[in-house]
Amino acid sequence: MHGDRLVAALERYVLRSPHERISARRDWPDGITVGTNWGWYDIEPVGWLIARESWVDEAVRVIRSTPIEDVMLESYGLVLNRDGSVLYVNDLAAMRDLGRRLGGDLNPLAYAELLAEFYSGAKIDGPIVSAPTVSERTPSGWLVCDVAATLANHPQLAPVEPKPPRVTDELSFDSCHYYFNPAGIGSAIDVRRWLVSGAEDEGVSWRRERLAGRVSGGR
């Protein structure tokens with residue numbers, strides 16, 4: 001892992017305030033744990049499709065936890081690029097700018113995957129999008145890529161008829177998102193359908209509709 005670069009990116013993009021300071025760091029074979037005066041951050045590599053692009057050095061998910069009870073875990077995405085720059089996935093403007101690479105050197109499904117995980121919640125007007133997460137290993141949002149596998153894990157979604165991604169002149173895909181509520185995290189699922197259009201100098205725009213909200217039951 002690019003430990004020093006990742007911690008520097010964490011400090012620059014993720015820490016919530018100039019008053020939040022790193023007080024501890026532990027490097028593991030498969031990740032980094034960073035402690036601050038406000039909480040803990042676990043940094044781990046992720047098998048996102050974007051990590052396979054030739055211009056990317058490393059992609060990681062950061063999970064923030066605090067010692068305060070009933071405070072949800074939050075997730076952040078950092079992508080280290082070979083030119084030394086960093087993509088902060090939670091930054092709305094940065095993600096719109098990334099969309100300019102569609103039709104060029106960015107796999108459309110890689111873009112859909114990031115939007116599905118970080119932008120499937122109810123509020124995505126930025127400038128920094130909050131992405132609460134189920135656990136250290138389970139993100140709250142995900143791309144519906146394999147419909148059969150999705151329905152096998154969540155049979156209650158069958159009436160919604162989710163569809164696999166489709167790439168033509170536009171990118172269309174469905175995403176699922178755990179609905180968080182006081183009665184139990186992940187007890188219901190929202191399903192959204194996305195349409196991403198525009199690329200390169202034209203810019204990129206998203207449209208999404210809610211196919212179903214708070215679908216409960218299943219596993």
Side-chain angles (χ1 to χ4, degrees), residues 1-2 5-16 43-62 74-133 139-146 162-177 190-211:
M1 295 184 70
H2 298 75
R5 284 185 66 193
L6 288 170
V7 172
L10 177 80
E11 285 187 288
R12 178 176 179 183
Y13 296 102
V14 178
L15 298 193
R16 296 192 157 200
I43 306 171
E44 293 186 355
V46 191
W48 289 325
L49 293 172
I50 198 170
R52 304 178 189 177
E53 302 292 3
S54 60
W55 43 273
V56 172
D57 259 341
E58 190 166 21
V60 300
R61 181 188 292 123
V62 181
E74 291 188 346
S75 62
Y76 311 88
L78 295 173
V79 179
L80 304 185
N81 300 324
R82 293 191 185 278
D83 64 3
S85 62
V86 177
L87 166 67
Y88 180 28
V89 179
N90 300 65
D91 186 308
L92 179 62
M95 279 297 290
R96 290 201 181 279
D97 187 60
L98 177 66
R100 295 178 181 273
R101 304 183 85 138
L102 290 169
D105 57 359
L106 175 62
N107 179 349
L109 294 186
Y111 193 61
E113 187 176 45
L114 294 179
L115 287 177
E117 178 169 336
F118 290 91
Y119 288 75
S120 290
K123 187 176 180 181
I124 60 168
D125 53 355
I128 303 300
V129 174
S130 175
T133 191
S140 61
W142 69 93
L143 173 66
V144 177
C145 202
D146 185 330
K163 299 184 183 303
R166 185 175 59 172
V167 181
T168 56
D169 292 337
E170 296 177 312
L171 167 62
S172 175
F173 64 93
D174 292 353
S175 68
C176 294
H177 184 265
D190 290 345
V191 184
R192 300 187 187 275
R193 179 155 295 162
W194 293 73
L195 185 66
V196 180
S197 58
E200 299 179 356
D201 293 339
E202 300 175 7
V204 65
S205 62
W206 314 327
R207 294 203 309 271
R208 62 176 197 165
E209 62 175 309
R210 195 183 193 191
L211 295 184

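Just so it is clear, the model here is predicted, and its values are computed rather than measured.
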So, for Y111 and M95, which heavy atoms are closest and what is the spacing to 0.1 Å?
OH-O, 2.6 Å

For P45 versus E58, what's the shortest heavy-atom pair and its separation?
CG-OE2, 4.1 Å

Which word best sums up how the rings of W194 and F173 line up, parallel for under 30°, tilted for 30 to 60°, or perpendicular for over 60°?
parallel

Is it true that the side chains of T133 and S75 contain a donor and an acceptor less than 3.5 Å apart?
no

Within 6.0 angstrom of D169 CG, more than 12 heavy atoms from elsewhere
no

Partner of L98 by side-chain contact (heavy atoms from CB on, under 4.5 Å), out of V79, L106, D91:
L106

After noting the C-alpha distance and the side-chain angles of S175 and L143, does the key distance pass the side chain to side chain contact (heavy atoms under 4.5 Å, CB included) rule?
CA-CA 5 Å; S175 68; L143 173 66; 5.6 Å; no

In Å, rounded to the nearest 0.5 Å, how long is the span from OH of Y13 to CG of N90?
12.5 Å

For R166, does the CZ atom sit with more than 12 other heavy atoms under 6.0 Å from it, leaving out its own atoms?
no

Report yes if some heavy atom in the side chain of S172 is under 4.5 Å from a heavy atom in the side chain of L195; otherwise report no.
yes

Treating D83 as the side-chain partner and S85 as the backbone partner, does any N or O pair qualify as donor plus acceptor under 3.5 Å?
yes

Between R61 and E117, is there a side-chain N and carboxylate O pair less than 4.0 Å apart?
yes

One should read off an interatomic distance between N107 CG and I50 CD1, to the nearest 0.5 angstrom, of 9.5 Å

To the nearest 0.5 Å, tell me how far C145 SG sits from D174 CG.
11.0 Å

Taking C-beta and beyond as the side chain, do L114 and W48 meet within less than 4.5 Å on heavy atoms?
yes

With rounding to the nearest 0.5 Å, note down the distance linking CZ in R5 to CG in L80.
4.5 Å

Nearest 0.5 Å please: distance from the CE atom of M1 over to the CD1 atom of I43.
6.5 Å

Hey, does the Lys NZ or Arg CZ of R82 hover above the aromatic six-ring of W55, less than 6.0 Å from the centre and inside 45° of the axis?
no

E74/R16 salt bridge by N-O under 4.0 Å criterion:
yes

Contact check, side chains of R208 and I124, non-hydrogen atoms, under 4.5 Å
yes

